Each structure stands twice: as structure tokens, then as C-alpha cells.
Amino acid sequence: MAKKNLSYAEAIAEIEEIVEKIENNELDVDDLAENVKRVAELIKFCKAKLKATEDEVEKIIKDFEDIVNKVAEDPIKYANFEGLLKALR
């Protein structure tokens with residue numbers, strides 16, 4: 001399975017490295033299945049990382065939209081810095 005502290009960029013680099021070895025016939029037949037399995041694990045890891053990032057970005061956007069809507073409902077109330085801080089809470 002993918003290492004716990006593996007970054008998305010490291011996973012992509014490892015996938016590219018394995019694919020390059022496959023394309024250049026640098027892998028022994030005995031190692032091919034193991035490497036293909038590793039690529040599948042890395043792809044699964046990358047998909048999960050992308051989904052988690054997408055969910056986080058969607059939450060940030062929703063929170064921002066909520067704040068904008070709150071301020072739009074009563075712009076006078078949130079016209080100063082303290083009011084904007086209230087909107088963030």
C-alpha cells in the first residue's frame with residue numbers, strides 16, 4: 001500500500017517512473033505484476049487525495065458564499081471591521 005506520508009506529487013512521480021520502465025521494457029516479467037499492482041495502489045491513493053481536496057475546496061467555497069450572503073442581507077450591519085468579524089463567526 002502507499003506510504004502514509006506520501007504526497008500526491010511523489011505518487012505521480014512514482015507512477016510515471018514505473019510507466020516509463022514498462023514502456024522501455026526495463027522491467028523483468030517477474031517484477032511486472034508487482035509494479036502494475038503498485039501503480040494501481042498509487043492511482044487509488046491519488047484519486048482519494050483528489051476527492052478529499054475537492055471536498056475541502058467545496059466547503060471553503062460554501063463557507064465563503066455563506067459569509068457573502070450574510071453580508072449582502074444586511075450590509076450596514078457588517079460595514080465595519082467588527083461587523084465583518086461577526087459575519088465570519
Side-chain angles (χ1 to χ4, degrees):
M1 195 50 134
K3 294 184 286 186
K4 288 216 186 259
N5 295 328
L6 186 68
S7 73
Y8 181 84
E10 291 168 334
I12 292 296
E14 189 174 342
I15 290 169
E16 290 172 345
E17 180 183 320
I18 293 170
V19 168
E20 184 178 332
K21 287 179 181 178
I22 292 170
E23 290 175 342
N24 293 331
N25 295 317
E26 295 174 10
L27 286 177
D28 186 70
V29 172
D30 298 326
D31 297 328
L32 185 59
E34 182 180 321
N35 279 268
V36 170
K37 181 179 176 183
R38 177 66 177 157
V39 167
E41 291 171 350
L42 291 166
I43 289 171
K44 183 177 178 181
F45 168 83
C46 288
K47 286 175 70 174
K49 192 83 154 167
L50 287 171
K51 176 66 175 138
T53 301
E54 178 183 33
D55 292 347
E56 185 178 353
V57 169
E58 286 177 359
K59 183 187 179 319
I60 291 167
I61 290 170
K62 183 192 176 309
D63 290 348
F64 179 75
E65 288 172 346
D66 289 348
I67 291 167
V68 169
N69 290 334
K70 192 184 267 189
V71 171
E73 288 172 6
D74 192 354
I76 301 299
K77 179 179 179 182
Y78 300 107
N80 60 33
F81 183 71
E82 288 81 21
L84 287 174
L85 287 177
K86 287 179 187 176
L88 295 172
R89 293 183 188 125

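Because the structure is a prediction, the values reported are computed rather than measured.
- Scanning for side chain to side chain contact (heavy atoms under 4.5 Å, CB included) contacts around E58 gives E54, D55, with sequence neighbours left out.
- With sequence neighbours left out, the side chain to side chain contact (heavy atoms under 4.5 Å, CB included) criterion links I60 to E56.
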Expected list for residues 28-37: side-chain donor-acceptor pairs under 3.5 angstrom, two or more places apart:
unit_1 : atom_1 : unit_2 : atom_2 : d
D28    : OD2    : D30    : N      : 3.1
N35    : ND2    : D31    : O      : 2.8

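- Among residues two or more places apart in sequence or in another chain, the side-chain hydrogen bond (donor to acceptor under 3.5 Å, both in side chains) test is passed with D63 by K59.
- Between S7 and F45, the shortest heavy-atom contact is O-CE2, 3.8 Å.
- To the nearest 0.5 Å, atoms NZ (K47) and CD1 (I43) are separated by 8.5 Å.
- Atom CD1 of I18 sits about 4.5 Å away from atom CD of E14, to the nearest 0.5 Å.
- Taking the side chain as every heavy atom from C-beta outward, E17 and E20 never approach each other to under 4.5 Å.
- Judged as a side-chain hydrogen bond (donor to acceptor under 3.5 Å, both in side chains), and not counting sequence neighbours, the contacts of K62 are D66.
- Listed by chain and number, the residues in a side chain to side chain contact (heavy atoms under 4.5 Å, CB included) with N69 amount to none (sequence neighbours excluded).
- The CG atom of L6 lies 11.0 Å from the CD atom of E41; values are rounded to the nearest 0.5 Å.
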